[in-house]
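Please read the structure below before turning to the comments.
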Amino acid sequence: MLARRLPGVYRYPKSRTLVSSLVSRRAMESTDIQLNNNDTVRLECPAHISSSVPLSEIRQFPPLAHWISVLATQSQSQNQSQNQNQNQNQKKPGDPVVSVRRIAIQSVDRFKSGKIGFMKFTVDASHLPEGTPIPGVVFLRGGSVAALIILRPADAGSDHKDDLVAMTEQPRLAVPDFQLLELPAGMLDGAGVFAGAAAREIQEETGLVMQPHELVDLTDFAGNKRGLYPSPGACDEFVRLFACVKHVERKELDRLRGRLGGLREDGEFITIRLVPLHQLWRSTSDMKAISALYLWDQYQMNNK
């Protein structure tokens, strides 16, 4: 039930922020997006942004296009559920009813290649029938992949106690941590080939060459067809987790320790660190690593 004009529904508290946003709409470019037969949502963009990033290009940004597609699906499902309840003269008190009427672009950032890389917008949404606003600040960046790379010495015993995990150490200013230890990871390029993207990121960040078929899709193993959401309160990012075991000579392990990786021209300053597998759970604050480690343990138990 999006952009449906019902009396008394859209009640927003009076505030300086609201007044400021109303004034700023005067210099907006906008377009209505039809979600389904009943619902539309208005996409607005300030003129100072649309003058350099056309609204048509903004709409084609894959993460935004997907976000709108999912919004349409949610809207349609919500409408069907409401209609069914009305036909059966039923009302389930716990069913969510969300009305979304406007998407307001706040910022758009491009990669060096010129492609849109990141986008931030706000959403005018409310919970019905109360009309209470729902927090709607969204940072769009799309999906990513990460890989748990287990390095097993070729002469190791059957107990696998010498297994190591290849980790990257690099500055992460959002945290901020100048030496954050995490799994090799990277953003998807829109092609939708998750294993291929993971193999590419592994090579770029560590120098290790993997074939897509060597990677176990832990996310798919867990029954999740899209990915895991690390921060759904404000970001659309989903992460596909992979794992693989690579047998290596000990001299190759020595060459890997402390190796510099990443693409310097893209601002990646990566150092490779090797962490004992049995100590990984307490060696990093990277959620991807902890999640992948748990799923890998489950995968091992289910494939004995």
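Given the structure is predicted, the values throughout are model-derived calculations rather than measurements.
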Whether over 12 other heavy atoms sit under 6.0 Å from F178 CZ: no

Contact summary for R110 and G114, nearest pair of heavy atoms: NH1-O, 2.6 Å

Q179 atom CD: more than 12 heavy-atom contacts under 6.0 Å: no

Audit row: E249, R255, salt bridge (Lys or Arg N to Asp or Glu O under 4.0 Å) steps and yes/no: CA-CA 10 Å; E249 299 292 336; R255 284 195 293 265; over 6 Å; no

Atom pair NE2 (H247) and CG (D155), whose distance is rounded to the nearest 0.5 Å: 11.0 Å

Nearest-0.5 Å distance, OG of residue S30 to CZ of residue R42: 4.0 Å

S231 versus E237, side-chain donor and acceptor atoms under 3.5 Å: no

Reported OG1-to-CD distance for the pair T122 and E44, which is rounded to 0.5 angstrom: 9.0 Å

L241/S291 under side chain to side chain contact (heavy atoms under 4.5 Å, CB included): CA gap, chis, key distance, verdict: CA-CA 8 Å; L241 297 175; S291 299; 3.8 Å; yes

Linked, directly or transitively: W67 and I116 (ILVMFWY side chains, under 4.5 Å): yes

Hydrophobic cluster identity match, L215 and L293, side-chain contacts under 4.5 Å: no

S51 side chain vs H48 backbone, donor-acceptor pair below 3.5 Å: yes

Minimal non-hydrogen separation, L274 against A166, with atom names: CD2-CA, 3.9 Å

Donor-acceptor contact below 3.5 Å, side chain R259 vs main chain T206: yes

Any L71 side-chain heavy atom under 4.5 Å of V100 side chain: yes

R172 and E182 ion-paired at < 4.0 Å: yes

Check: N36 main-chain N/O paired with Q76 side-chain donor or acceptor under 3.5 Å: no

Over 12 non-hydrogen atoms of neighbours within 6.0 angstrom of CZ in F111: yes

Check: S81 side chain, S77 main-chain N or O, donor-acceptor pair, under 3.5 Å: no

Aromatic contact, W296 with F221 (centres under 6.0 Å): no

Side chain to side chain contact (heavy atoms under 4.5 Å, CB included) evaluation trace for L164 with L253: CA-CA 9 Å; L164 300 169; L253 293 176; 4.0 Å; yes

Any side-chain heavy-atom pair of L218 and Y299 under 4.5 Å: yes

Nearest atoms (heavy-atom pairs only) where V239 meets K288: CG1-CD, 4.1 Å

R226 to F238, cation-pi by 6.0 Å centre distance and 45° axis angle: yes

Interatomic spacing from OG1 in T284 to CG in L180 - rounded to 0.5 Å: 6.0 Å

Pair D162 + R250, salt bridge at N-O below 4.0 Å: yes

Option passing side chain to side chain contact (heavy atoms under 4.5 Å, CB included) with L181 (candidates T271, L280, D286, V275): V275

Least distance between heavy atoms, L128 atom then S99 atom: CD1-CB, 3.9 Å

Salt bridge flag under 4.0 Å for residues D217 and R240: yes

Same apolar cluster (I L V M F W Y, side chains within < 4.5 Å links), V137/V98: no

Intermediate values then yes/no, side chain to side chain contact (heavy atoms under 4.5 Å, CB included), L43 and L55: CA-CA 9 Å; L43 176 63; L55 200 57; 4.0 Å; yes

Heavy-atom side-chain proximity of L256 to L208 below 4.5 angstrom: yes

L151 and I149, any side-chain heavy atoms less than 4.5 Å apart: yes

Residue pair A292 / L183: nearest heavy atoms and the distance that separates them: CB-CD1, 3.9 Å

Hydrophobic cluster identity match, F118 and I103, side-chain contacts under 4.5 Å: no

Any side-chain heavy-atom pair of I58 and C45 under 4.5 Å: yes

Co-membership, hydrophobic cluster, residues M210 and I270, 4.5 Å side-chain: yes

Minimum-distance pair of heavy atoms, taken over all atoms of N302 and Q298: ND2-O, 2.7 Å

Worked check of salt bridge (Lys or Arg N to Asp or Glu O under 4.0 Å) between D236 and R141: CA-CA 7 Å; D236 74 313; R141 58 164 289 160; over 6 Å; no

Any side-chain heavy-atom pair of L188 and F194 under 4.5 Å: yes

Side chain to side chain contact (heavy atoms under 4.5 Å, CB included) between V245 and H160, intermediate numbers included: CA-CA 11 Å; V245 176; H160 302 158; over 6 Å; no

Neighbour count above 12 (heavy atom, 6.0 Å) for Q106 CD: yes

Aromatic contact, F121 with F139 (centres under 6.0 Å): no

Spatial distance of atom CD1 (I202) from atom CG (L148) [nearest 0.5 Å]: 9.5 Å

Short side-chain to backbone donor-acceptor contact, T73 and S69, under 3.5 Å: yes

T219 and N224: side chain donor to acceptor below 3.5 Å: no

Side chains of S50 and E29, donor plus acceptor under 3.5 Å: yes

Straight-line distance of S75 OG to D39 CG, nearest 0.5 Å: 3.5 Å

Side-chain touch D109/M119, heavy atoms, less than 4.5 angstrom: no

P129 vs V97 side-chain heavy atoms within contact, under 4.5 Å: no

